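What follows is one structure encoded as structure tokens, with my remarks underneath.
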Amino acid sequence: MAELTSEQLKPAFAIDLFAPLSELEPIPFAALQPRAISAIKRLASFDGDCPVMLINGFPGADYEQVCRTLIADTHGKDGDLFDLCYTENLNNPFKPIWLRLQPGTGFEFCEMVGELLKLMSHHLDAERLVTRIMRKQKDDPKIADFLSDLSAHVALGLEFQHPVLINLLIHHEDQQAPVIYGRDLNWDTLFGSINYQTEQGSVYANQHLLEPGLMRQANGGYLILQLDELLDQPHLWFKLKNAMLKGELDWNAYQEGKTLTPFFAPEATPIRLKLILVGDRLEVAEFQMLDRDMSERIFLRADLVSEVEIDDELPDFLGYLAWIRQRWSLLDFTPAAQAALCRHASRLCDHQEWLSLSEVQLTALMRLADSLARELEADIIDQDHIVNALAEQDFRLNYLVEQSDQGVIDGQILLQTEGEEIGQINGLSVIQVAGHPYDFGEPVRLTATVHLGDGDVADIERKAELAGHIHAKAMMIIHGYLSNKFGAENPSPLSANLVFEQSYHEIDGDSASLTGLCALLSALARQPIYQHFAVTGAVDQFGNVQAVGGVNEKIEGFFRVCQIHGLNGKQGILLPGTNAQQLNLSDEVIVAVEQGQFHIHPVDHVEEAIELLTGCVAGEPDMPDTLFYRIQQRLDDLNGTLPKTGIMRTILGRLFGH
């Protein structure tokens, strides 16, 4: 394949088609989530008892904003909505009862009951008021029974347990389905609690000391809970699940000793709500392990997408940027600044055709650029402000990168970027440090040696237990390729050792398999490799080169080393051809490519790679004057499978020095 041009190393945006963000219609993140929109609409229309929905998201997603926005857009009222109050049980004062009131009538009901008590206590006719109350409450039979008991209680001159007869726990004045987002969960905040009072050494409780909890507040609407909080306190989930299955929620305390008056037991509340669980895929997987019955309880599932396609959704993405700008009251952004933001969003995706919707990272960059612009007293944010904001971020976080480069500067890390060596090659790795916000590339030297043996490829990292399973698989694939190419008829008499030099931590992945295979081919053919190249890529058993991750970081890591040693115009990278669309390199690398100081070669097969690395034609094992022919001849010679004339010629050549 042809060497990549500088234009192919980053996504291209036609900034002349961009308008200032202030002129665009703001589009919230939720509006870019068609799967979640579909699921919320279906959930809103569902009439079943306590359906459960799961939203699979990603770290940094604003679940509350997404859910609230989408639920508000359904414009639906819930038929199960009601106000809730607890009142003294006039037949058993230790078991307060609930009354289900029409939504928005709670305060009026309490006032009317107060008026009713006054009329009853003065022996005045209250029938008209009772009729009004019952009409307001749709002739609810439980309310009718309560009013009847209340009338008899007053007529007999009996006392009440507490001056506050009715505790209005839930009131929906706007008559809209509640949307409750739970945070800092515990037993009391989620399920409600009974507050106890002490008087003259006695502990007591009444209906006016009941606290509703989030579940009762969400009755008739939506309760949104984060999976990570339920994972931290599994007992909350099982209590919640049981309450939803039964359709009622009791007032039991989690800590047994907290029930100071066990004889005080308010009536269990009817529960009908829609539960939305939110979390990323790791949390979902852990939650499924916690409760294997969970999958059966989930009514709906939906994914939050973290990326959008440029060709189809660029206008919507720019509207999303306008929404972030509006949300944080930022200065306006020029078209060039928007293009820089789009390029950064594409880099976050590792793909030239996609844009990241990561609100946290995009907001951080936009706010940093806004701060720089205001510091310079600019009226609008331009491309330079975006570039400088990124440079500031990189400076604050590149300490580990500088420490890595210092090893090269001091000569403690042995890497060559010029010359030729047999069985030695520059590989590319990505360093991931726990607690560090981004990864960075670091070149590594791979070496291969061969010796008489049984044809096995000894992976030193695996034998030293410094390699993961995927890396071990990649080494086996290398062995499979060599066996298929050169040992199909006769076993190989040569074994090999393959090692990552100066590597002292565990490695994993298959992105070095192309690198290792090329090093082995060099050692087998005794053909030196150009050291001004570095290689990354995975291979299959037939030599096809496959895509790998982290190509931008890997390329920039080798470019830094080349800068340290000095750019000579020959240095460059070999990478899988399918990774070309992932490229989004720094301006420094792009300028070097444009000036011919650095080169990026896509390859689709190991033969292309070894030809670039050695300058020799790979050919086939039976094609004279090719690299693979030399390897096959060496193996056949050691196996004794060459024609007799060939063997005699070889022996005589060895005896007489030819």
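Counting from 1, the numbers follow the sequence of the chain as shown. Just so it is clear, the model here is predicted, and its values are computed rather than measured.
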What's the shortest heavy-atom distance between [X] and [Y], and which atoms?
X: H599; Y: G596; result: NE2-O, 3.4 Å
X: Q424; Y: Q531; result: O-NE2, 2.9 Å
X: V603; Y: E608; result: CA-OE1, 3.8 Å
X: L230; Y: L236; result: CD2-CB, 4.1 Å
X: M366; Y: R325; result: CE-N, 4.0 Å
X: L70; Y: A36; result: CD1-CB, 3.7 Å

Under a 4.5 Å cut-off applied to non-hydrogen side-chain atoms, are [X] and [Y] in contact?
X: C342; Y: L314; answer: yes
X: D540; Y: Y481; answer: no
X: F333; Y: L321; answer: no
X: V308; Y: Y320; answer: no
X: C67; Y: V278; answer: yes
X: Y63; Y: I224; answer: no
X: P51; Y: L43; answer: yes
X: I55; Y: I276; answer: yes

Which distance, rounded to the nearest 0.5 Å, do you find between the [atom1] of [X] and the [atom2] of [Y]?
X: T614; Y: L521; atom1: OG1; atom2: CG; value: 9.0 Å
X: T74; Y: K41; atom1: OG1; atom2: NZ; value: 9.0 Å
X: T334; Y: Q383; atom1: OG1; atom2: CD; value: 7.5 Å
X: L376; Y: L372; atom1: CG; atom2: CG; value: 6.5 Å
X: I40; Y: I71; atom1: CD1; atom2: CD1; value: 5.0 Å
X: S22; Y: I380; atom1: OG; atom2: CD1; value: 7.0 Å

Modelled atom types, side-chain donor and acceptor of [X] and [Y], under 3.5 Å:
X: E556; Y: N552; value: no
X: S586; Y: E588; value: no
X: R301; Y: N56; value: no

Taking the side chain from [X] and the backbone from [Y], do they hold a donor-acceptor pair closer than 3.5 Å?
X: E402; Y: Y399; answer: no
X: S45; Y: R42; answer: yes
X: S38; Y: R35; answer: no
X: T515; Y: V535; answer: yes
X: Q571; Y: G566; answer: yes
X: Q546; Y: P576; answer: no
X: S513; Y: V539; answer: yes
X: N579; Y: A547; answer: no
X: D382; Y: D384; answer: no
X: K554; Y: G549; answer: yes

Considering residues, nucleotides and ligands other than [X], do more than 12 of their heavy atoms fall under 6.0 Å from its [atom1]?
X: R68; atom1: CZ; value: yes
X: D312; atom1: CG; value: yes
X: E286; atom1: CD; value: no
X: E418; atom1: CD; value: no

Checking L21 against L330 for the side-chain contact (heavy atoms from CB on, under 4.5 Å) test, could you report, in this order, the C-alpha distance in whole Å, the side-chain angles of both residues, the deciding distance, and whether it holds? CA-CA 10 Å; L21 290 185; L330 306 178; over 6 Å; no

Assign the ring pair [X] / [Y] to parallel, tilted or perpendicular, where the plane angle (0 to 90°) is split at 30° and 60°.
X: F58; Y: F29; answer: perpendicular
X: Y530; Y: F533; answer: tilted
X: F13; Y: F18; answer: tilted
X: F598; Y: F558; answer: tilted

What do the steps show when you test R281 against D303 for salt bridge (Lys or Arg N to Asp or Glu O under 4.0 Å), and what is the final call? CA-CA 10 Å; R281 297 188 183 278; D303 290 333; 2.9 Å; yes

Show your reasoning for whether side-chain contact (heavy atoms from CB on, under 4.5 Å) applies to F440 and N398. CA-CA 9 Å; F440 61 92; N398 70 353; over 6 Å; no

Among L575, T536, L514, which residue satisfies the side chain to side chain contact (heavy atoms under 4.5 Å, CB included) criterion with V548?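 That would be T536; it is the only one of L575, T536, L514 passing the side chain to side chain contact (heavy atoms under 4.5 Å, CB included) with V548.
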
Evaluate D280 against D228 for side-chain contact (heavy atoms from CB on, under 4.5 Å), listing each step before the verdict. CA-CA 9 Å; D280 61 39; D228 57 353; over 6 Å; no

Could you check V387 against L390 for side-chain contact (heavy atoms from CB on, under 4.5 Å), going step by step and ending with a plain yes or no? CA-CA 5 Å; V387 172; L390 287 170; 5.8 Å; no

Could you check whether R327 pairs with E359 (Lys NZ or Arg NE/NH1/NH2 to Asp/Glu carboxylate O, under 4.0 Å)?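 Result for this pair is yes, salt bridge flagged.
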
